[in-house]
Amino acid sequence: RMSHYVTVSHQIRDKMFSLTPLVQPVSIDEAFLDLGGTRTLHRCSPVEALVRLQHEIRDEIGITVSIGLSGTKSLAKMASDRDKPDGLFIIGMKQVDEWLAGQDLGVLYGLGRAAIARLNAAGFYTCGDLANADMQALRNVLGKQAGQIQELARGIDTRPVAPNSAAKSISSETTFNKNLSSFDDLEAELEALCLKVSARLKSKNVSGSRLTIKLKRANHQILTRSKTMQTSTNKAHILFAISRDLVKA
């Protein structure tokens with residue numbers, strides 16, 4: 001019920017804006033908030049304001065939210081993944097070095113599985129390993145991303161909360177009432193999703209050049225496949241043809 005999800009998402013977003021104008025949506029169910037300088041306005045600390053927000057969303061909207069609080073976007077993202085559902089986790093900036101040192105590389109926001117596998121093969125397993133690594137050794141594994149990833153492993157992230165940042169992707173997904181197992185059934189659902197993505201792209205007058213398919217199995221294992229196109233497009237029949245081949249494979 002995507003329209004219902006969007007409605008509830010907007011209700012929660014309004015709650016966020018009651019705390020700060022600096023709200024950067026990441027997806028339909030996730031956002032960054034910058035609470036710097038709001039203590040005087042709310043007459044309480046940021047953590048107290050967030051606990052209040054959490055209770056209001058649960059009591060008035062009827063769902064739970066998980067919150068991460070820290071001094072940077074990447075650390076806040078890490079914290080938000082630590083205590084689910086309905087949790088609140090804080091990473092204090094004075095404890096960042098100690099907390100990060102023993103954490104697996106998977107906690108780093110934006111570091112994919114393929115990069116983690118390469119780092120593990122090179123002998124890097126924790127954020128502490130990355131923080132103390134020789135830069136040239138990291139470049140051999142990560143290329144031009146090495147410096148940024150090492151900073152994240154040290155708890156350094158200067159990116160601001162950007163309320164008006166442009167969307168990097170447009171997507172559509174659905175959950176079925178019962179599991180689908182035939183290709184024909186999946187193909188029909190896939191065509192409907194491609195039409196929705198195409199309509200959203202056209203409404204924003206944009207095109208995309210990388211297409212990703214996500215399938216969730218009955219055991220909740222997620223499979224993803226991607227293909228980069230030679231030219232960008234917003235045409236539904238092209239999106240469907242490429243995604244159909246990905247699903248079939």
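- Checked by atom type and distance alone, the side chain of S9 never pairs as donor or acceptor with a backbone atom of Y5 at under 3.5 Å.
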List, one per line, each side-chain donor-acceptor pair under 3.5 Å for residues 136-146, sequence neighbours excluded.
residue, atom, partner, partner atom, Å
Q136, NE2, N140, OD1, 3.1
N140, ND2, Q136, O, 3.3

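- Taking Q11 as the reference, nothing meets the side chain to side chain donor-acceptor pair (under 3.5 Å) condition, with sequence neighbours excluded.
- With values rounded to the nearest 0.5 angstrom, F124 atom CZ is found 14.0 Å from I116 atom CD1.
- Taken from CD1 in I213 to CD1 in I242, the straight-line distance is 10.0 Å, to the nearest 0.5 Å.
- A side-chain hydrogen bond (donor to acceptor under 3.5 Å, both in side chains) check over residues 124-135, counting only residues at least two apart or in different chains, returns the pairs T126-D129.
- Here the NZ atom belonging to K73 is positioned 10.0 Å from the OG1 atom belonging to T158, to the nearest 0.5 angstrom.
- With sequence neighbours excluded, the residues that form a side-chain contact (heavy atoms from CB on, under 4.5 Å) with D59 are H55.
- A heavy-atom distance below 4.5 Å is not found between the side chains of L152 and L111.
- The hydrophobic clustering, which links ILVMFWY residues whose side-chain heavy atoms are closer than 4.5 Å, places L239 and F183 together.
- S182 contributes a side-chain N or O that, together with a main-chain N or O of D185, makes up a donor-acceptor pair within less than 3.5 Å.
- Note on L33 and L88: same hydrophobic cluster, where clusters join Ile, Leu, Val, Met, Phe, Trp and Tyr whose side-chain heavy atoms are under 4.5 Å apart, directly or indirectly.
- In this structure R244 satisfies the salt bridge (Lys or Arg N to Asp or Glu O under 4.0 Å) test together with E187, sequence neighbours excluded.
- Distance check: I12 CD1 to D29 CG gives 8.5 Å after rounding to the nearest 0.5 Å.
- Between S207 and N234, some side-chain heavy-atom pair lies under the 4.5 Å cut-off.
- Within a 6.0 Å sphere centred on CD of E189, heavy atoms belonging to other residues, nucleotides or ligands number more than 12.
- Dense packing is recorded around CG of N219, with more than 12 heavy atoms of other residues, nucleotides or ligands lying under 6.0 Å away.
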Tabulate below the donor-acceptor pairs under 3.5 Å that side-chain atoms of residues 224-233 make, not counting sequence neighbours, or state none.
residue, atom, partner, partner atom, Å
S226, OG, T212, OG1, 2.8
T228, OG1, R210, NH1, 2.5
T233, OG1, K235, N, 3.1

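- When all heavy atoms are compared, the tightest approach of L75 to G155 is CD1-O, 3.9 Å.
- Remark: D157 pairs with S74, R159 by the side chain to side chain donor-acceptor pair (under 3.5 Å) rule, at least two apart or across chains.
- With sequence neighbours excluded, the residues that form a side chain to side chain donor-acceptor pair (under 3.5 Å) with D81 are K84.
- Taking each heavy atom of L19 and T38 in turn, the nearest pair found is O-CG2, 3.8 Å.
- Contact record, S80 with S66: O-CB, 3.9 Å, taken as the closest heavy-atom pair.
- Annotation for K214: atom NZ does not count as buried by contact number, only 12 or fewer foreign heavy atoms lying within 6.0 Å.
- Partners of K15 according to the salt bridge (Lys or Arg N to Asp or Glu O under 4.0 Å) rule, which considers only residues two or more places apart in sequence or in another chain, are E56, E60.
- Atom CE of M16 sits about 10.5 Å away from atom CG of L35, to the nearest 0.5 Å.
- Listed by chain and number, the residues in a salt bridge (Lys or Arg N to Asp or Glu O under 4.0 Å) with E151 amount to none (sequence neighbours excluded).
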Which pairs would a plain distance check flag for residues 45-53, meaning a side-chain donor or acceptor within less than 3.5 Å of a matching protein atom at least two apart in sequence or in another chain?
residue, atom, partner, partner atom, Å
S45, OG, E48, N, 3.3
S45, OG, E48, OE1, 3.1
E48, OE1, S45, N, 2.9

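- Side chain of Q150 to backbone of M135: no donor-acceptor contact under 3.5 angstrom is found.
- Residues D34 and T20 come closest through the heavy atom pair O-OG1, 2.9 Å.
- Looking only at side-chain heavy atoms (C-beta outward), I57 and I63 come within less than 4.5 Å of each other.
- Taking the side chain as every heavy atom from C-beta outward, V197 and L211 never approach each other to under 4.5 Å.
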Result block: side-chain N/O donor-acceptor pairs under 3.5 angstrom for residues 90-102, not counting sequence neighbours:
none

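- A chain of hydrophobic side-chain contacts below 4.5 Å, direct or via other Ile, Leu, Val, Met, Phe, Trp or Tyr residues, connects V23 to V8.
- Of the possible donor and acceptor atoms, one in the side chain of Q24 sits under 3.5 Å from a partner among the backbone N and O of A162.
- Nearest approach of A236 to S198, heavy atoms of both residues: N-OG, 3.4 Å.
- Tracing side-chain contacts under 4.5 Å through hydrophobic residues (I, L, V, M, F, W, Y), one never reaches L41 starting from L22; they form parts of separate clusters.
- Considering all non-hydrogen atoms of both residues, V107 and C127 come closest at CG2-SG, 3.8 Å.
- The cluster map of Ile, Leu, Val, Met, Phe, Trp and Tyr, joined by side-chain heavy atoms under 4.5 Å apart, puts I170 and I238 in the same cluster.
- Two residues are said to be in side-chain contact when any heavy atoms from C-beta on lie closer than 4.5 Å; K77 and F32 meet this criterion.
- For the atom pair K216 NZ and I222 CD1, the distance stands at 4.5 Å (nearest 0.5 Å).
- Between L130 and L108 the shortest side-chain heavy-atom distance falls below 4.5 Å.
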